[in-house]
Amino acid sequence: MRCFSLTVGICMGLVATLTAASVYADSDEEKAAANPANWAMPRLNNSLTAYSTLKQINTGNVGKLQVAWTFSTGVLRGHEGAPLVIGDVMYLVTPFPNIVYALDLNHDGKIIWKYEPKQDPNVIPVMCCDTVNRGLSFGDGKIFLHQADTTLVALDAKTGKVVWSVKDGDPTKGETGTSAPFVYKDKVLVGDSGGEFGVQCHMTAYDIKDGKRVWRGYSEGPDDQTLIDPEKTTSLGKPVGKDSSLKTWQGDQWKIGGGCTWGWPSYDPQLNLIYWGSGNPSTWNPSQRPGDNKWSMTIWARDLDTGVPKWVYQMTPHDQWDYDGVNEMILTDQRINGRERKLVSHFDRNGLGYTLDRVTGELLVAQKYDPAVNWTSGVDMNKNSANYGRPTVVERYSTETPDVNHTGICPAALGTKDEQPAAYSPETQLFYVPTNHVCMDYEPFKVSYTAGQPYVGATLSMYPAPGGNNMGNFIAWDGKTGKIVWSDPELFSVWSGALATAGGVVFYGTLEGYLKAVDAKTGKLLYKFKTPSGIIGNVMTYEHGGKQYVAVLSGVGGWAGIGLAAGLTDPHAGLGAVGGYAALSNYTALGGQLTVFTLP
Amino acid sequence: MKLRAGAAGVCALTLTALWTGVVMADGSGDPAAVKNQDGKYYDKQGNPTYSIKADGTVDWYTYSGFIRYSSECLRCHGPDGLGSSYAPALVDSLKTLSYSDFLGVVAGGKKAVNTAQDLVMPSFGTDKNVMCVADDIYVYLRARSNGAIGRGRPDKHEAIPAAAKKWQDTCFGP
């Protein structure tokens, strides 16, 4: 807390212009994040709004955008996440083998240093759906890398030399690292992947100075493992009671229960709470794991210093569709029903856009953000109901019966939105959300568990939502009312994180490889440029030498590169409709590249 | 023998016994079914193969192979064996790979990790969810590779034969 009064002072001044003001004990990161020229955190700020106050590039001139410089990463696999910019240096990380580059912005990206970890390639096939890495973090003079093999490494930001390194998990049991580490105050937070391998997943906080583990909270298990306080931790306003997780699993199944944590945690410095989502319970065959499977599929609000949850809310009890709940938690302050509130908003894979009071965990809004969503008729919002807060499952789309092909379920397992994060502009008070418009057939069956081997137990076929050929939409969403304001159809799923700017322009990438700029108010396309490969990275912006730049990683891959490469078919369209939908492999090929744009 | 080593898992005994009975040394050759043994079809060289009736009904193994392929292999090889940004199209691979080559790769894995690429096919030798149904997946991919069935889930299939049910129960265990 050494800089507390100082930081509060800085914050006061900033709140007016920057909704995402931060209070940090780590003055280094705080300073970097407070400077609007930088992009010092994975989603720019601790609220994850990805809203930049830069406005040199605006609705009037964005049409003139040009490529300033490019950089090949030398790696072919899917490139998720975004680079960081701190001062004159850009930092970026590639998919496996997770090469970290420090690039000199004074010399069009000349390499200052490069760090390449040595990792056992046997981790590659354990990574579900491509060897992605969602980015780096910065703090205390260090760059933090979360490797595929779960090693968390602190590199000296100036030299690239290893300062400390710690192993977070065990890849031989199916546990891998794909998420960006997050630096909040004096801690580095790391989540794990492995929901398809029956990992008991967790979030862990490490000391930024030396990498010592401070706390670890599992997503399921006894209270001493979840760190839940039976009296103080609440769900929808009520204490959860003793062993709230254990009671919702049969026998020891929680030990292989999944609930992974590879998303994007946010942080409220005033409340000292961090927010993130836990993923799907393992296996995908629901009849094999009776119960609500708590606290998988849950929004968590944990105390940053102790890890003890203040509140939890389970979105999809007893998941039957792999609606992994890991997506980002965006913090905003908005007026709802005449009252100014501190909110957390979340676009879940299950197709519902949630808004909760982030202080208490009260559920305020839960609405479909794609009209195609059909597995639920909605969430019970009646506080006096026994089912308060639960989604009502439409019987026809339940997949509880094994060895039956359950058809026509929307959204598909990849969700109405996957990991690619949304952005929020305080000016328009709208969220900008990259979405999938894809449905599925789901056929669960019995599987057996072997440590380190996939533990899936369902087959699924995916196809575009009924009534069209487009597999994605880029939408503007009002989180206060739960309504779509505008929606731009996209041929493929939008698998790129969005950027909102004070220039009134919103940016995103497409799977064909276009960087697109649209008007924040209307969604009107203002600019597009075809980069060398499909975009699954997040668009970012920074200022250098008085000029604003926009940058994005191309490099198709991830789940999208696998699922959409050959083109989807509609199993219900009858014979002869084979290859009916666009195949991504006809539009783009592998290749990691950074493209940096600016005005002439 | 890669296969034996790969199968040295939990149900090693049964698996090895089955495989040594049918593995041929050379390519898979003509896929035409000449024998039906308890609902499982074999070509003239004794390799497992598919059987598709005129009305489109597929044999149990082809159907089961579709299900198992989609849950175990699709996440890398893409839907319907068509390949992805991550792993090769198995409908093409099977044009040259023999049954024993196939089993060898599935049980033992395959790697091409160098400066240009990071391709790793995991070894499934100890994974019952794959090894117990390796023949099913092979038969399904063989049918796909020969164009005998199209994309997606086969519409109609033969009921699970008693022998297949028994095999699954012993191989997967309780």
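Proteins get letters first, then strands, A, B, ... in listed order; numbering begins at 1 in each. Values below: all heavy atoms of this structure, side chains included; hydrogens, waters and symmetry mates excluded. The shown structure was predicted, so the numbers you read here are calculated from the model rather than taken from an experiment.
- In this structure, A:N405 CG and B:I67 CD1 are separated by 6.5 Å, a value rounded to the nearest 0.5 Å.
- At a 4.5 Å heavy-atom cutoff, the contact between B:V113 and chain A is made by side-chain atoms alone.
- Proximity to chain B is absent for every atom of A:D441, based on heavy atoms less than 4.5 angstrom apart.
- A:Q453 places none of its side-chain heavy atoms less than 4.5 Å from the side chain of B:N129.
- Under the 4.5 Å side-chain criterion, counting only non-hydrogen atoms from C-beta, A:F445 is in contact with B:S71.
- Annotation: side chain of A:E443 is not in contact with side chain of B:S70 (no heavy-atom distance under 4.5 Å).
- Neither the backbone nor the side chain of A:S585 comes within contact range of chain B, judged by heavy atoms closer than 4.5 Å.
- Both the backbone and the side chain of B:L74 come within less than 4.5 Å of a heavy atom of chain A.
- Between A:P121 and B:D118 there is no side-chain heavy-atom pair separated by less than 4.5 Å.
- For A:Y463, no part sits under 4.5 Å from any heavy atom of chain B, backbone or side chain.
- In this structure, chain B has a heavy atom under 4.5 Å from the side chain of A:V456, while its backbone stays farther away.
- Dense packing is recorded around NZ of B:K95, with more than 12 heavy atoms of other residues, nucleotides or ligands lying under 6.0 Å away.
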**Request:** In sequence, state the C-alpha distance, the side-chain angles, and the governing distance for A:T131 and B:Y86, and then conclude on side chain to side chain contact (heavy atoms under 4.5 Å, CB included).
**Result:** CA-CA 9 Å; A:T131 53; B:Y86 198 69; 3.6 Å; yes
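- A:P454 approaches B:R75 most closely through the heavy-atom pair CG-NH2, 3.6 Å.
- Only the side chain of B:E72 comes within contact range of chain A, with heavy atoms under 4.5 Å apart.
- Taken to the nearest 0.5 Å, the CZ atom of B:R153 stands 9.0 Å off from the OG1 atom of A:T407.
- Interface residue A:W559: only side-chain heavy atoms are found under 4.5 Å from chain B.
- Contacts between A:L460 and chain B at a heavy-atom distance below 4.5 Å involve the backbone alone (N, CA, C, O).
- Atom-to-atom distance recorded for B:S85:OG and A:L564:CG is 9.5 Å, nearest 0.5 angstrom.
- The two residues A:A565 and B:S84 come nearest to each other via the heavy atoms CB-CA, 3.7 Å.
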